[in-house]
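Below is one structure; the comments refer to it alone.
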Amino acid sequence: MARLVLFFFGPPGSGKGTQSANLSQQLGLPAISTGNLLRQHYQSIGEHNAAMNEGQLVSDDLINKLLVERLNQPDAQSGFILDGYPRNKTQFDYFYNNIINPDDKICAIEISVSDQEVQHRIAGRRFCPKCGAGYHLTYKPSLQADRCDDCQTRLEQRPDDSPETIQERLALYRRTMGPLVVSWWQLGELIIINGEKNIDSVYHDILSVLQERGLVPPKSEIV
Ligand code: AP5
């Protein structure tokens with residue numbers, strides 16, 4: 001079966017999680033964040049990962065193992081949306097050698113955002129530790145201060161969202177993503193979206209490009 005495989009990448013806080021969740025809801029495909037897979041993994045074994053908390057990458061072997069397990073689940077068989085993977089050339093090669101099928105329809109979506117905007121977004125980000133819903137103090141506030149709209153749980157900040165760690169994460173991103181962008185561009189599978197607009201406009205732009213490329217049906221046909 002030809003699967004639709006979408007990759008979201010961009011600097012930390014650029015909106016990958018926000019936009020992949022929107023698209024997941026509209027297309028009925030799972031949005032799979034490798035950051036979330038790792039957080040769930042470490043929570044389930046009662047540990048913290050020092051590399052994550054310091055803004056460094058986790059081992060390729062662990063990431064690839066968690067990803068393959070997730071992709072084997074029934075909901076990912078007709079396609080999936082990846083948020084934050086691949087993050088280096090080793091992961092890129094692993095994916096293209098082991099996971100991709102020749103008839104898969106592929107698109108890599110870069111959400112382009114300045115370092116200054118990243119810092120503002122990360123500083124205001126909050127999440128619900130119970131249901132995972134995401135918020136922003138300014139751009140996407142919860143109805144009741146500090147409480148999740150869906151389950152009323154007290155909202156939290158991610159441990160790796162400190163000002164020091166964000167500098168590390170940004171620097172790492174700028175260092176490692178260049179070769180991947182070139183590879184996707186050479187394969188003709190790259191689109192670059194201006195991520196500095198508001199959430200709805202960014203989403204509209206992503207959907208329009210995917211529709212132009214015939215990768216998703218026109219809006220009127222999406223259920
Ligand atoms: P991960 O969880 O993937 O973090 P990240 O890439 O740094 O990205 P973020 O989740 O911080 O941001 P986002 O782009 O999803 O933005 P969001 O939508 O939340 O990875 C965490 C760590 O795990 C890594 O550092 C690494 O250690 C490890 N890891 C993960 N994958 C790995 C891999 N493949 N290999 C090795 N290690 C790996 O938006 C941010 C905020 O802005 C929110 O509050 C949102 O409401 C708001 N917002 C979003 N869009 C807009 C907009 N257009 N306008 C205004 N506000 C907006």
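Every number for a ligand or one of its atoms is a count from 1 in the order of the listing. Quantities reported herein were computed from a predicted structural model and do not represent experimental measurements.
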Protein contact to [atom] [nearest heavy atom, distance to 0.1 Å]:
{"atom": "atom 46 (O) of ligand 1", "value": "H136 CB, 3.6 Å"}
{"atom": "atom 7 (O) of ligand 1", "value": "R169 NH2, 2.6 Å"}
{"atom": "atom 22 (C) of ligand 1", "value": "M52 CE, 3.9 Å"}
{"atom": "atom 32 (C) of ligand 1", "value": "R87 CD, 3.5 Å"}
{"atom": "atom 54 (N) of ligand 1", "value": "R121 NH2, 3.5 Å"}
{"atom": "atom 26 (C) of ligand 1", "value": "Q56 O, 3.5 Å"}
{"atom": "atom 12 (O) of ligand 1", "value": "G13 N, 2.8 Å"}
{"atom": "atom 8 (O) of ligand 1", "value": "K16 NZ, 3.1 Å"}

Min N/O separation [X] to ligand 1 under 3.5 Å:
{"X": "I122", "answer": "no"}
{"X": "N36", "answer": "no"}
{"X": "K140", "answer": "no"}
{"X": "V58", "answer": "yes"}
{"X": "D161", "answer": "no"}
{"X": "G15", "answer": "yes"}

Joint hydrophobic cluster, I192 plus I106, side-chain heavy atoms closer than 4.5 Å: yes

Does [X] reach ligand 1, in the sense of a heavy atom lying below 4.0 Å from it?
{"X": "R158", "result": "yes"}
{"X": "Q19", "result": "no"}
{"X": "K197", "result": "yes"}
{"X": "G134", "result": "no"}
{"X": "Y135", "result": "yes"}

Which of the numbered atoms in ligand 1 are below 4.0 angstrom from a heavy atom of [X]?
{"X": "Y139", "value": "55 (C), 56 (N)"}
{"X": "G17", "value": "13 (P), 15 (O), 18 (O)"}
{"X": "N198", "value": "53 (N)"}
{"X": "Y85", "value": "34 (N)"}
{"X": "G35", "value": "1 (P), 2 (O), 20 (O), 30 (C), 31 (N)"}
{"X": "Q91", "value": "33 (C), 34 (N), 35 (N), 36 (C)"}

Connected-component partners of L57 among ILVMFWY, side-chain separation under 4.5 Å: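 L57 shares its hydrophobic cluster with L172.
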
The one among R39, R125, E117 that brings a heavy atom closest to atom 11 (O) of ligand 1: R125

Option with minimal heavy-atom separation from atom 17 (P) of ligand 1, where the choices are L62, L37, T18: T18

Under-4.0 Å heavy-atom contact with ligand 1, by part of I63 that carries it: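 Contact part for I63 vs ligand 1: side chain (C-beta onward).
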
Contact partition for L38 relative to ligand 1, non-hydrogen atoms under 4.0 Å: side chain

Between side-chain atoms of residues 13-22 and protein atoms elsewhere (two or more places apart, or another chain), which donor-acceptor pairs fall under 3.5 Å?
unit_1 : atom_1 : unit_2 : atom_2 : d
S14    : OG     : P11    : O      : 2.7
K16    : NZ     : G10    : O      : 3.1
K16    : NZ     : P11    : O      : 3.1
Q19    : NE2    : I199   : O      : 3.1
S20    : OG     : K16    : O      : 2.7
S20    : OG     : G17    : O      : 3.3

Q43, CD atom: more than 12 neighbouring heavy atoms under 6.0 Å: no

R70 and D75 ion-paired at < 4.0 Å: yes

Validation row, ring centre F7 to ring centre F95 under 6.0 Å: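 Centroid separation for F7 and F95: below 6.0 Å.
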
